[in-house]
Amino acid sequence: MRSYDLSPLFRSTVGFDRLTRLMESALKTEDQGNAYPPYNIEKRGDDDYRITMAVAGFSQEEIDIVTQENALTVIGKSRKDDQASPQTQYLHRGIAGRAFERRFQLAEHIRVTGAALENGLLHIDLVREVPETAKPRHIPIANLGQSSTALPTGQAAN
């Protein structure tokens, strides 16, 4: 198990505490080995992303998707085990149906646009929507050397 001490970063930085918390949480989840359910993150365009999770055996009613601030949480609660017949005897049970909670940290201005469950895969579509105030603006440069109020040569003002 790896352990990194990020405290030296706190001594010389101001306002980056969120970044260091993200790094610490990423290192913690990496060490925990939580690989269920498996997922892909795709970049589909300049500002379009998709998270695809393998949630075989879960229905739409058993999955909750919650966004709050810059976090996306996908929660799966299987209700099939509660309803399983007492006569059911598994010789091999390889399809995981256990409950899960998967968290994703989203960058600023990333918004979830929709989700769909298809063939055991949960697709979550995201888009980056940068507000106009955060986009770069082109500032025109005025030419002060040429004045539009200048009179033609040889004419005097009254």
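Taking CG from L72 and CG from L126, the interatomic distance works out to 6.5 Å, rounded to the nearest 0.5 Å. Separation of atoms NZ (K77) and CD1 (I63) is listed at 12.5 Å; rounding is to 0.5 Å. Within the model, atoms CD of Q68 and CG of L106 stand 11.5 Å from one another, a figure rounded to the nearest 0.5 Å. Between the CZ atom in R111 and the CG atom in D47 there is a gap of 12.0 Å [rounded to 0.5 Å]. R98 CZ to F58 CZ: the interatomic distance, rounded to the nearest 0.5 Å, is 9.0 Å.
Within a 6.0 Å radius of CD1 in I141, no more than 12 heavy atoms belonging to other residues, nucleotides or ligands are found.
Hydrophobic clustering, with ILVMFWY side chains joined whenever heavy atoms are under 4.5 angstrom apart, keeps V112 apart from V130. Side-chain heavy atoms closer than 4.5 Å link hydrophobic residues (I, L, V, M, F, W, Y) into clusters, and following such links, even through other members, never connects L117 to V66. Taking hydrophobic clusters as Ile, Leu, Val, Met, Phe, Trp and Tyr residues chained together by side-chain heavy-atom distances below 4.5 Å, F100 shares a cluster with I65. Note on V74 and V127: separate hydrophobic clusters, where clusters join Ile, Leu, Val, Met, Phe, Trp and Tyr whose side-chain heavy atoms are under 4.5 Å apart, directly or indirectly. Under the 4.5 Å side-chain contact rule for hydrophobic residues, I124 and I75 do not share a cluster.
Two residues are said to be in side-chain contact when any heavy atoms from C-beta on lie closer than 4.5 Å; P38 and M53 fail this criterion. The shortest side-chain heavy-atom distance between Y49 and I110 falls under the 4.5 Å cut-off. When side chains are defined from C-beta on, E108 counts as touching N70, because their heavy atoms get closer than 4.5 Å.
Considering I51, T52, V55 in turn, V55 is the only one that fulfils the side-chain contact (heavy atoms from CB on, under 4.5 Å) rule with L122.
Formation of a donor-acceptor pair under 3.5 Å by the T73 side chain with backbone atoms of R103 is not found in this model. A donor-acceptor contact shorter than 3.5 Å links the side chain of R102 to the backbone of P37.
At a threshold of 4.0 Å, the pair R128-D46 does not count as salt-bridged, since none of the basic side-chain nitrogens sits closer than that to a carboxylate oxygen. The pair E42-R50 fails the salt-bridge criterion, with no side-chain N (NZ, NE, NH1 or NH2) lying under 4.0 Å from an Asp/Glu carboxylate O.
Scanning both residues, L121 and A54, for their nearest heavy atoms gives CD2-CA, 3.8 Å.
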